[in-house]
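To start, the structure under review is shown below, and the notes come after it.
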Amino acid sequence: RAISKCGDLDVIFDYRSKSQKLYVTVVEAKGIPDKDRSGANSWQVHAVLLPSKKQKAKTGIQRGPEPLFNEKLTFYKVEPEELGGYALRFRLYAVRKMNREKMVGENLICLSKVNMEIGR
């Protein structure tokens, strides 16, 4: 999925209807601005489950021009009947000295448009 035309974020969705959990694996970011443009070489992904915005998660900080995260984020109480009404907002942050963050891009993914693994 493109992030504000400044790169791609690879994510995998896995929904478990029995436990009502949505697992989102943030795999990697590619084609993102280099250190000269972003001012940083460390990256973090924040995700928010919409519309409520009550459930948030973020990856650890990864370094390099194409950061590899391979981190699973978990969202709870995502009811099967409501699944199509949810969306996830992903934001990629450049993390600079003193843990200052600068948002580099964002993307909104409606779960009704996602082809995901659905398990029990």
Side-chain angles (χ1 to χ4, degrees):
R1 304 268 183 235
I3 302 181
S4 300
K5 296 187 178 109
C6 73
D8 292 298
L9 183 67
D10 288 342
V11 293
I12 299 167
F13 293 91
D14 181 13
Y15 179 68
R16 303 298 164 118
S17 56
K18 203 170 195 174
S19 61
Q20 296 186 356
K21 290 181 184 172
L22 174 64
Y23 298 103
V24 180
T25 303
V26 178
V27 182
E28 66 182 326
K30 295 188 246 181
I32 56 180
D34 59 22
K35 191 172 181 178
D36 293 339
R37 265 183 59 207
S38 66
N41 197 33
S42 299
W43 308 93
Q44 188 173 46
V45 175
H46 295 205
V48 177
L49 186 64
L50 303 173
S52 70
K53 294 186 183 178
K54 289 182 180 160
Q55 292 193 61
K56 302 175 183 183
K58 57 186 175 182
T59 65
I61 296 170
Q62 298 298 329
R63 303 178 75 77
E66 293 198 344
L68 190 61
F69 295 98
N70 276 331
E71 288 188 49
K72 188 181 279 189
L73 310 176
T74 306
F75 297 92
Y76 302 91
K77 295 184 181 170
V78 179
E79 297 177 16
E81 308 79 43
E82 307 289 323
L83 192 60
Y86 287 103
L88 272 169
R89 183 185 68 206
F90 293 95
R91 286 183 172 167
L92 178 68
Y93 287 88
V95 182
R96 300 187 291 208
K97 290 184 178 124
M98 309 286 281
N99 280 341
R100 289 199 355 247
E101 297 174 337
K102 173 186 172 189
M103 190 174 76
V104 177
E106 75 173 349
N107 194 3
L108 186 68
I109 299 175
C110 298
L111 296 187
S112 61
K113 295 183 169 87
V114 172
N115 182 8
M116 71 176 85
E117 299 274 323
I118 297 182
R120 293 174 189 225

Exercise. Where is the tightest heavy-atom contact between S112 and G84, given as atom of each residue plus distance?
Worked result: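 Heavy atoms only, the tightest pair is CB-O, 3.5 Å.
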
Exercise. Between P67 and W43, what is the shortest heavy-atom contact and its length?
Worked result: CG-CD1, 3.6 Å

Exercise. Out of curiosity, L73 CG to L49 CG, how far, rounded to the nearest 0.5 Å?
Worked result: 11.5 Å

Exercise. How many angstroms lie between CG in L22 and CZ in R16, if you round to the nearest 0.5 Å?
Worked result: 11.0 Å

If you group Ile, Leu, Val, Met, Phe, Trp and Tyr by side-chain heavy-atom gaps below 4.5 Å, do [X] and [Y] land in one group?
X	Y	value
L9	I109	yes
V48	V114	no
V95	V104	no

Exercise. Salt bridge (charged side-chain N to carboxylate O under 4.0 Å, His left out): which pairs involve residues 22-31, sequence neighbours left out?
Worked result: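 Every salt bridge (charged side-chain N to carboxylate O under 4.0 Å, His left out) pair that includes a residue of residues 22-31, provided the two are not neighbours, is D10-K30, E28-K30.
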
For this session: Just do the side-chain contact (heavy atoms from CB on, under 4.5 Å) check on I32 and L92 with the steps written out, would you?
Result: CA-CA 9 Å; I32 56 180; L92 178 68; 3.5 Å; yes

Problem set entry | Pair V11-T25, side-chain contact (heavy atoms from CB on, under 4.5 Å): steps then yes or no | CA-CA 5 Å; V11 293; T25 303; over 6 Å; no

Exercise. Can you list every pair that meets side chain to side chain donor-acceptor pair (under 3.5 Å) and has a residue in residues 71-88, with sequence neighbours left out?
Worked result: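 Qualifying pairs, neighbours excluded: none.
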
Exercise. Taking only residues two or more places apart in sequence or in another chain, which ones pass side-chain contact (heavy atoms from CB on, under 4.5 Å) with K54?
Worked result: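 If we apply the side-chain contact (heavy atoms from CB on, under 4.5 Å) test to K54, skipping adjacent residues, the hits are S52.
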
Problem set entry | Any residue meeting side-chain contact (heavy atoms from CB on, under 4.5 Å) with L108, in chain and number order, not counting sequence neighbours |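 By the side-chain contact (heavy atoms from CB on, under 4.5 Å) rule, L108 matches L50, A87, R89.
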
Exercise. For V27 and I12, what are the C-alpha separation, side-chain angles and deciding distance, and is it a side-chain contact (heavy atoms from CB on, under 4.5 Å)?
Worked result: CA-CA 7 Å; V27 182; I12 299 167; 3.8 Å; yes

For this session: May I ask you to decide if V78's main-chain N or O and Y15's side chain share a donor-acceptor pair within less than 3.5 Å?
Result: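 Judged by distance alone, yes, a pair lies under 3.5 Å.
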
Residues 56-66, side-chain donor-acceptor partners within the protein, below 3.5 Å, at least two apart:
residue, atom, partner, partner atom, Å
T59, OG1, V45, N, 3.0
R63, NH1, S42, OG, 2.9

Problem set entry | Partners passing ring-ring contact (aromatic ring centres under 6.0 Å, His included) against F69 (at least two apart in sequence or in another chain) | none

For this session: Indicate the ring-plane relationship of Y93 and H46, choosing parallel, tilted or perpendicular according to the 30° and 60° boundaries.
Result: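 Judged by the thresholds at 30° and 60°, the geometry between Y93 and H46 is tilted.
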
